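So you know, we letter chains A, B, ... as the sequences are listed, proteins then strands, and number each from 1. It should be emphasised that the depicted structure is a prediction, and the values quoted were computed from it without experimental measurement.
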Amino acid sequence: MAQHQITLTINGTERSLALDDPRVTLLDALRQHLDMTGTKKGCDHGQCGACTVMANGRRINSCLSLAVMHDGDTITTVEGLGEPENLSPLQAAFLHHDGFQCGYCTPGQLVSATAMIEEIKQNWPSVVSGDLEKVSLSDDEIRERMSGNLCRCAAYANIVDAIREAAKAEGVA
Amino acid sequence: MMDDMDLSLHHKMEEKDERNQLDQTAQDVLSKPLDRPEGPLKVTGRATYADEEHPEGTAHGVFVRSTVAHGWVTGMNTAALRKMPGVLAVVRDAKMLRNPAQGTAGEAPVQNPNEIFYVGQPIALVVAETLEQARHAALAARPKYEAKDGEFEVPLEDYETPPKKQSSEGDLDSAMGQAAHSVDSIYTTPAMGHAMMEPHAAVAQWDGGKLTIRASCQMLKYNVAELADSLGVKAKNVRILSPYVGGGFGGKLGISHEAVAAALAARKLKRPVSVALHRRNVFEATTRRSETRQRLRLCCDDQGHLTGFGHEAWVSSLHGESFSEPVTQASSFTYAGDNRVIGHHIARLNITCAGSMRAPGEAVGVPIVECAMDELAEKAGIDPVDFRLRNIPEKDPSTGKPYSSNRLADCLTEGAKAFGWEKRGEVAHQREGEWLIGLGVASAVRVNMLMNSEATITLDPDGHAVVETDMTDIGTGSYAILTQLAAEMLGLPMDRVKTVLGDSDLPPSSGSGGSFGAASAGSSVMLAARALREKIAERLGVEEKDVTLKDGNAISGNKVTPLTEILAGERLKAKGEIEPGATGDDVRQATWGAQFAEVAVSAITGEVRVRRLDATFACGRILNPKTARSQCIGGMVFGLGSALTEELSYDLRNGRLMTRDLADYHIPSNLDVPPMNVTFLEDRDPYANPMQAKGIGELACCGTAGAILNAIHNATGIRVRDFPATPDKVIEAIEAAQGQG
Ligand code: FES
Ligand code: FES
């Protein structure tokens, strides 16, 4: 099979990858080829959100995207948000509000929420937005926008608390 | 010089323990809402789950699944598959499993997948250099079958009726005939899936005759025995690592396909093999909660006192499985009634193996009892909370044994107050535009258990402690509470205690299941710490009970001695061991709660939106209110899913599971979940264990669905007796009621 040489900027570091199989998803490229297992696989079908990463600043399900489609892209994964000794404000809020239990959906929730707060800043409306001109971060808005990230442990209520607190601290309300 | 394991404390729970030692310790970290110590690893993606550490040269395995429900595999295009790019082996081995082991089996489940019992049964493992190659080849497999007719539903008369699982007292039939009010209702609940977010996975590696396997397992002590027995090797040559488990809910109690197949393939290929189940394998081939049919016969006098209580259940499983959903488990002891019938009937179907799922029995039995209680309360014209309060027995009505502690009345009374129950109106009388509003209540009850469990604590000369046990943390908070317990008992700040879990080489614990993990593993840690305290006290020349440990110091009388001084350069290691005893049999142990729901039901679409969920629980000492609350809200949402959205649907013509992924099997998502209030009553159960703590994680899912369904009735006047209450059923019932009205 032909080799596909791609370059990704992951969490600020340029990584080049020789893939001899075009079927490798972005998720498996991270987990299997780059040993970055922070991004999780819950369904491999775009149904759970555990694999959420940011590609060029937008959140996507990395299991639904082939790695070769991302040559030259900038990718952010949970490992890029913060470190155990230096958590991002959102990670710290998840920890403090117990926004997780088993932790398996958590990387996806965190990346998704990080990108979601940016979407609010850019005034992207959603189906629950009342005022399309000025979108505000109501609890329903958080719930709606985070519904692509399933959590079977069902830490949802705590996830909403954590996101609200971290967004507020950033001046997003 | 003191050496490893010279201290130990074994305690059998033969009598009640009212010492309440944990109320007398001074470190003040237990029962505090502390963050999870492993939390920073989880929120940064550094906690590694089963399929996340691949040794050099790891190959990938993907299962070939049966497309027929019953029969034999007679052949496969193995030679063609072997020639496909990257394929290393096509493993068809009689040691592979038919279905996962049941919880606490401790031996191999039914093996030899050549005989097929359900659609989706793994029948071969294709191993290749890469995941993509293995998946491609597995999909290209063309098994040949000798298919037989499968059984996907059977008439009621063909259900087995094991004599041991039936009981009766008095004469229910005549009580029903003579009662002032009675209910005789049939309800059904669907099969359900655990749907934990981490699919089952295993990475197996042999070193000579020794197997090390990273897997996602709940009960390592049993899993080692099951895996060894399946493979035909000695248990001492098997080591399982499950430091982090991405959810279980009972779905990872017993050893499963992937671990056995990965071990067989790794042995054959002499290289590490990873097998991660696809989500669809998880739904089709691990275990499910059985569907149920339930008949409730309740009757009472004109004062609303129950005179009869009948609960019969029809469930299913595979041929030869000993487990069947114990639907009526709590029915024998929750409510009064002199005339009682318990029935249990089992169908043998060619459908995915039935197994334990969060609160097996009560999760589906209690909601139905609670719906029937609501029906009877309405007939008797008594408020549903009041009706329940009138029917709480003094002692277990079936056995006459006393309760270890029964706080149901307190939960109902205080819960009703906190929820604002008095605002509940007449049936079908509150409307906001298209939305019909209603409130509902249900009791929550779940048996409480204790299991054998061992742990060690090593106290280093510098005053740091390490807790070790093969206990798992499946999201339940084991890392947090075990660390807190050791710190509390030894008087150490949290950051001086480290807890190591999830390695089968460590002392064997209860494992995670049945809500007994915290009580059992926790007690073993407490006992290990008590052994260390005894040693410390001995060195100070005082009794253990007279020494106070705090911030690394021992205080006795008015003398303060640093622990490091007492240790004098030595390391102490102690083992604690808890064993269940007479208190498990002499009294009826259970956890209790009252749950309340407010719903809005669309009069146009039949959609149900839960607006509020409240719960008040009594489940012994709370070890960490933050993680305990998380267990409860998670359980409540689990119950919400079972009430409104979750259903494994099988095509009854061919046994195929139609809802085998997360797009079709609807677990609640964030927008489905309302604000929730959880209250814990101050509670100590002296019969439970030396901590007076009890199970939590399952109780919370037992009352939710009943409260929601009863709230739907209050909102609309209809009763949905076929769970879940999806919009199609709700609108049909509303329209039918309007037609009649
Ligand atoms: S793994 Fe990508 S959405 Fe589930
Ligand atoms: S924390 Fe377990 S699935 Fe979300």
Exercise for review: Kindly give the heavy-atom pair with the smallest separation between A/Asn158 and B/Ser630, and that separation in Å.
Suggested key: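 For A/Asn158 versus B/Ser630, the nearest heavy atoms are ND2-OG, 3.3 Å.
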Practice item. Can you see which heavy atom on B/Ala138 is nearest to which on B/Val62, and at what distance? Key: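 Looking at all heavy atoms of both residues, the closest pair is CB-CG1, 3.6 Å.
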Pick one of side chain, backbone, both or neither for [X], based on which atoms fall under 4.5 Å of a heavy atom in chain A.
| X | answer |
| --- | --- |
| B/Asp672 | neither |
| B/Leu131 | side chain |
| B/Asp661 | both |
| B/Met676 | side chain |
| B/Val673 | both |
| B/Gln631 | both |

Between [options], which has the largest tally of heavy atom pairs under 4.5 Å with chain B?
| options | value |
| --- | --- |
| A/Thr106, A/Thr77, A/Leu150, A/Leu90 | A/Leu150 |
| A/Pro84, A/Gly38, A/Cys102, A/Ala154 | A/Cys102 |
| A/Arg145, A/Glu85, A/Glu79, A/Met146 | A/Glu79 |

Review point. Are any of the side-chain heavy atoms of A/Gln109 and A/Cys151 separated by less than 4.5 Å?
Key: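 Answer yes - side chains close enough.
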Check your understanding: Under a 4.5 Å cut-off applied to non-hydrogen side-chain atoms, are B/Met192 and B/Tyr665 in contact?
Key ->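 Sidechains of B/Tyr665 and B/Met192: in contact.
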Counting only heavy atoms closer than 4.5 Å, note whether [X] contacts chain B via side chain, backbone, both or neither.
| X | value |
| --- | --- |
| A/Glu83 | both |
| A/His45 | side chain |
| A/Leu81 | neither |
| A/Leu87 | side chain |

Point to revise | Aromatic contact, B/His60 with B/His54 (centres under 6.0 Å) | key: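 Yes, the ring centres sit under 6.0 Å apart.
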Would you mind checking if [Y] and [X] are paired as a salt bridge, meaning a charged N to carboxylate O distance below 4.0 Å?
| X | Y | result |
| --- | --- | --- |
| A/Lys121 | A/Glu118 | yes |
| A/Asp28 | A/Lys41 | yes |
| B/Glu258 | B/Lys252 | no |

**Study point:** Single hit among B/Pro272, B/Ser242, B/Pro243 for side chain to side chain contact (heavy atoms under 4.5 Å, CB included) with B/Arg214
**Key:**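 Considering B/Pro272, B/Ser242, B/Pro243, a side chain to side chain contact (heavy atoms under 4.5 Å, CB included) with B/Arg214 is found only for B/Pro243.
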Exercise for review: For each of B/His278, B/Arg36, B/His136, tally heavy-atom pairs with chain A at distances under 4.5 Å, and name the one with the top tally.
Suggested key: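 Ranked by heavy-atom pairs under 4.5 Å with chain A, first place is B/Arg36.
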Practice item. Mind ranking B/Gly247, B/Ala195, B/Gly641 by heavy-atom pairs under 4.5 Å with chain A and telling me who comes out on top? Key: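 The answer is B/Ala195.
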